[in-house]
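Per chain, numbering begins at 1; letters A, B, ... match sequence-line order. Just so it is clear, the structure is predicted and the values come from calculations on it, not from any experiment.
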Protein chains: 4
Amino acid sequence: MELDKVKIHKMGRARNPARTREDLIAAATGIFREAGYFATDSNAIARKAGYAPASFYKHFTDKADVLLAVYARYREEEWAGLQTAAQAAGPGQMRQLGAALDFLITFHQAWTRFRTDLRSVALLDPKVAEAIKAARREQLTRLSVLTGSNLERDAAPLLIILVLAERLSEVVAEGAALDVARADILRAAALSLSAALDIRVWGR
Amino acid sequence: MELDKVKIHKMGRARNPARTREDLIAAATGIFREAGYFATDSNAIARKAGYAPASFYKHFTDKADVLLAVYARYREEEWAGLQTAAQAAGPGQMRQLGAALDFLITFHQAWTRFRTDLRSVALLDPKVAEAIKAARREQLTRLSVLTGSNLERDAAPLLIILVLAERLSEVVAEGAALDVARADILRAAALSLSAALDIRVWGR
Amino acid sequence: MELDKVKIHKMGRARNPARTREDLIAAATGIFREAGYFATDSNAIARKAGYAPASFYKHFTDKADVLLAVYARYREEEWAGLQTAAQAAGPGQMRQLGAALDFLITFHQAWTRFRTDLRSVALLDPKVAEAIKAARREQLTRLSVLTGSNLERDAAPLLIILVLAERLSEVVAEGAALDVARADILRAAALSLSAALDIRVWGR
Amino acid sequence: MELDKVKIHKMGRARNPARTREDLIAAATGIFREAGYFATDSNAIARKAGYAPASFYKHFTDKADVLLAVYARYREEEWAGLQTAAQAAGPGQMRQLGAALDFLITFHQAWTRFRTDLRSVALLDPKVAEAIKAARREQLTRLSVLTGSNLERDAAPLLIILVLAERLSEVVAEGAALDVARADILRAAALSLSAALDIRVWGR
DNA sequence: TATGAATGAGATTTCATTCAT
DNA sequence: CATGAATGAAATCTCATTCAT
């Protein structure tokens with residue numbers, strides 16, 4: 001105990017690279033979601049995480065590099081939440097779809113700024129573009145498994161579903177600004193998506 | 001004579017404010033669509049238009065301000081194109097929808113970078129956010145007129161339609177990267193959109 | 001007069017690019033010769049010249065770029081001084097050679113740090129290496145004209161002469177540190193150089 | 001056994017300070033000769049030697065300090081090579097001189113970058129300047145013994161010889177860039193040096 | 001002894017913007 | 001109106017060096 005105290009004394013910095021990396025990613029996550037990617041600098045990320053600017057560059061090559069790390073977290077969280085939501089909804093395709101959309105809207109709303117900036121960065125940095133593409137492939141595969149559909153044949157409607165689901169939070173946000181109720185949007189989206197699902201994924 | 005010479009020597013450019021503004025917007029349009037908003041600086045816009053950096057600030061308060069001017073052009077072009085496409089397609093809702101989507105995909109593909117950056121800037125600049133919101137209101141109104149639907153009641157599906165249509169070009173681009181055919185995506189999207197139209201816009 | 005005062009009022013900065021460039025080169029010259037290339041940064045050069053750091057980059061692409069500009073001045077000054085010294089010495093090859101060496105020693109002594117750093121930078125930056133090579137070609141040509149020798153045939157001894165002359169200031173400096181008189185070194189160098197001249201430049 | 005494992009796990013490297021120092025000097029030698037002093041950082045030296053950055057500072061106070069260690073090696077190697085070359089050449093002053101120059105050119109060519117940077121560093125760091133001065137004293141003494149001349153009286157020509165010999169590799173390199181043959185330069189240099197030797201070292 | 005994570009200090013560079021003409 | 005030189009302010013990134021283990 002005494003020794004532990006001594007150890008910690010005057011360190012301030014966690015001499016644990018994995019932990020440091022985590023701290024930086026966590027700080028970047030907060031900053032990217034609140035202030036946005038373009039409104040901050042790598043120094044701010046390091047400082048917020050409790051480290052010196054130079055430490056940032058020991059863990060990431062540049063700002064886009066943390067963005068990718070945050071993106072990986074985002075996808076994990078999204079996927080876990082989706083599964084939980086679908087399971088909690090009980091049986092019934094429409095019910096599951098509704099629950100999934102409900103989760104997605106809430107989830108993406110918290111990440112709107114991040115997602116938007118991610119797309120802009122992808123146009124500037126091929127690394128990011130490639131990461132998004134890879135993520136999309138993974139999502140398509142997962143979704144085809146989840147819906148029991150064929151990835152090859154149903155790629156188009158699956159893509160539509162993914163993209164529409166992804167944008168729903170923005171539609172809700174826009175809807176709120178235009179006095180359209182969240183429940184109405186959710187219902188319209190569910191119908192639209194189920195149309196895509198019915199008609200293509202399970203054939204005519 | 002002596003004085004005139006001096007004047008001409010110093011002008012170099014068209015001393016025509018409206019024309020200058022046009023030139024700047026045209027240059028900004030090209031730059032925003034090709035290199036992107038975040039990849040360019042205002043000096044580059046002025047230079048590309050054939051003016052000095054300071055001239056830029058005689059016509060626009062800042063970079064976001066030209067972005068708005070370019071956005072206005074974008075919407076005019078989009079709307080004109082949509083009407084032309086719908087008329088050229090002849091009668092039949094599905095046919096018109098298909099023609100409209102086809103146009104939108106082509107149109108937006110050329111503006112993908114611009115649209116993407118626009119959303120990021122909107123999160124940084126309230127002016128831009130407000131402009132997007134106003135544009136959305138206008139689009140909703142136009143679309144409700146076009147489809148003979150009720151703006152109040154059908155706001156949700158109309159919004160869904162707008163957003164999905166807007167993203168289609170990106171879906172096509174992503175689809176191409178993942179070997180999904182453009183025609184397949186177009187068909188899936190048309191079906192999905194018509195579902196939204198059928199069920200909500202014209203009631204149960 | 002009154003107007004001039006008003007004009008100058010609050011400018012501080014000379015709105016004259018050529019003048020600014022001169023100021024920067026002059027500041028860089030002083031800094032490179034006193035503190036050395038590696039001991040300073042471009043900001044210091046700009047500040048010493050009375051400009052902001054950013055102004056530096058309007059006139060030079062980087063630090064090596066000013067180095068080249070300073071180098072050009074250096075060569076002009078060297079050449080002018082050499083001609084003046086040779087003419088002032090009156091007729092007689094040995095006398096002229098002695099006068100030239102005398103000038104070179106004094107001249108190079110003031111530029112020792114610059115010359116030394118120049119060679120280091122040349123190894124880092126191809127631009128600088130190329131500039132030195134071009135300068136050497138020019139010097140060889142001038143020297144062959146001056147000595148009435150043939151550039152093609154006598155390139156080797158001419159090169160030896162150039163290099164030895166160039167290093168003399170350092171030899172004098174080193175000699176001083178080791179208690180060897182300047183006059184002794186000058187005499188030994190003159191003899192050595194005249195040997196090169198006699199034997200090769202005017203043939204056997 | 002358990003403890004040993006832990007120890008070995010943590011050491012990784014030879015726990016032999018002398019050996020570590022050697023490794024670091026060897027790595028620094030390679031780096032200084034290839035990339036140059038100013039193009040590398042001390043971390044890179046430690047890494048190349050297979051040690052951690054901090055280990056570097058256990059053996060050297062700073063970057064200039066390794067430079068000195070490398071310089072000591074350089075001088076040993078140079079001197080040994082010179083003696084070998086002179087002996088191998090057999091009797092005859094001109095022959096020996098030629099052989100010595102030939103060796104020096106080859107030797108210095110491999111060390112050009114190092115030598116050049118050494119001089120720049122000497123202007124920044126008095127430690128290095130002093131080391132060069134001491135080395136020069138030693139060389140003068142050795143050379144006076146070798147040529148049977150008087151150090152006091154013939155210091156000037158001996159210095160000239162040293163400096164010219166030192167620069168020859170660069171002259172050869174420059175000559176190559178300007179299409180001047182190595183053999184021509186070698187001959188011109190030998191004549192120039194022998195003039196210095198004849199006239200001063202062995203008196204009038 | 002050797003480590004390697006971490007950093008302070010600062011060098012380089014960029015860019016939106018202004019100012020006197 | 002248009003200019004273009006100049007800049008303040010800051011973002012990105014580097015590097016020699018230290019510190020607790």
According to side chain to side chain donor-acceptor pair (under 3.5 Å), who are the partners of S42(A), at least two apart in sequence or on a separate chain? Y57(A)

Residues two or more places apart in sequence or in another chain: which of them pass side chain to side chain donor-acceptor pair (under 3.5 Å) with R73(C)? E22(C)

Watson-Crick and G-U pairing of DNA chain E, under 3.5 Å, as dot-bracket with | and [ ]: .||||||||||||||||||||

Does dA2(F) have OP1 or OP2 sitting under 4.0 Å from an N or O in the side chain of T20(B)?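 It does, given that an N or O in the side chain of T20(B) lies less than 4.0 Å from OP1 or OP2 of dA2(F).
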
Please verify the inter-ring angle class for F114(C) with W111(C); under 30° counts as parallel, over 60° as perpendicular, anything in between as tilted. perpendicular

Within this structure, what is the [atom1]-to-[atom2] distance between [X] and [N], rounded to whole angstrom?
X	N	atom1	atom2	value
I45(D)	dA16(F)	CD1	P	8 Å
N16(C)	dA20(E)	CG	P	17 Å
R47(B)	dA16(E)	CZ	C1'	14 Å
F60(C)	dT12(E)	CZ	C1'	16 Å
H59(C)	dT13(E)	NE2	C1'	16 Å
R21(C)	dG4(F)	CZ	P	19 Å
Y37(C)	dT12(E)	OH	C1'	11 Å

Partner of F56(A) by side chain to side chain contact (heavy atoms under 4.5 Å, CB included), out of D65(A), T20(A), V66(A), N43(A): V66(A)

So which protein N/O to nucleotides 12-15 of chain F N/O distances come out below 3.5 Å?
| residue | atom | partner | partner atom | Å |
| --- | --- | --- | --- | --- |
| dT12(F) | OP1 | K63(A) | NZ | 3.4 |
| dT12(F) | OP2 | S42(A) | N | 3.1 |
| dC13(F) | OP2 | Y57(A) | OH | 3.1 |

Output side-chain donor-acceptor pairs under 3.5 Å for residues 30-40 of chain D, partner residues at least two apart or in another chain, one line each.
| residue | atom | partner | partner atom | Å |
| --- | --- | --- | --- | --- |
| R33(D) | NE | A110(D) | O | 3.1 |
| Y37(D) | OH | A64(D) | N | 3.2 |
| T40(D) | OG1 | G36(D) | O | 2.7 |

Minimal heavy-atom distance between R113(B) and L123(A), with the atoms involved, is NH1-O, 2.9 Å

If you look only at pairs with a residue in residues 35-59 of chain D, which of them pass as a salt bridge (charged side-chain N to carboxylate O under 4.0 Å, His left out), with sequence neighbours excluded? none

Would you jot down, in residue-number order, the residues of residues 113-132 of chain D having a non-hydrogen atom under 4.0 Å from DNA chain E?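 Contacting residues: none.
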
Give me each pair satisfying side-chain hydrogen bond (donor to acceptor under 3.5 Å, both in side chains) with a member in residues 115-124 of chain D, each pair once, sequence neighbours excluded.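 The answer is D117(C)-S120(D), S120(C)-D117(D), S120(C)-S120(D), E170(C)-R119(D), E174(C)-R119(D), Y74(D)-R115(D), R115(D)-E166(D).
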
Close side-chain approach of F60(A) to I25(A), heavy-atom, < 4.5 Å: yes

Just to verify, what does A135(B) make a side-chain contact (heavy atoms from CB on, under 4.5 Å) with, not counting sequence neighbours?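 Testing A135(B) for side-chain contact (heavy atoms from CB on, under 4.5 Å), a comparison that skips the adjacent residues, returns Y71(B), R75(B).
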
Going by atom type alone, with no hydrogens or angles, which donor-acceptor pairs under 3.5 Å involve a side-chain atom of residues 124-131 of chain C and a protein atom two or more places apart or on another chain?
| residue | atom | partner | partner atom | Å |
| --- | --- | --- | --- | --- |
| D125(C) | OD1 | K127(C) | N | 2.8 |
| K127(C) | NZ | D62(C) | OD1 | 3.2 |

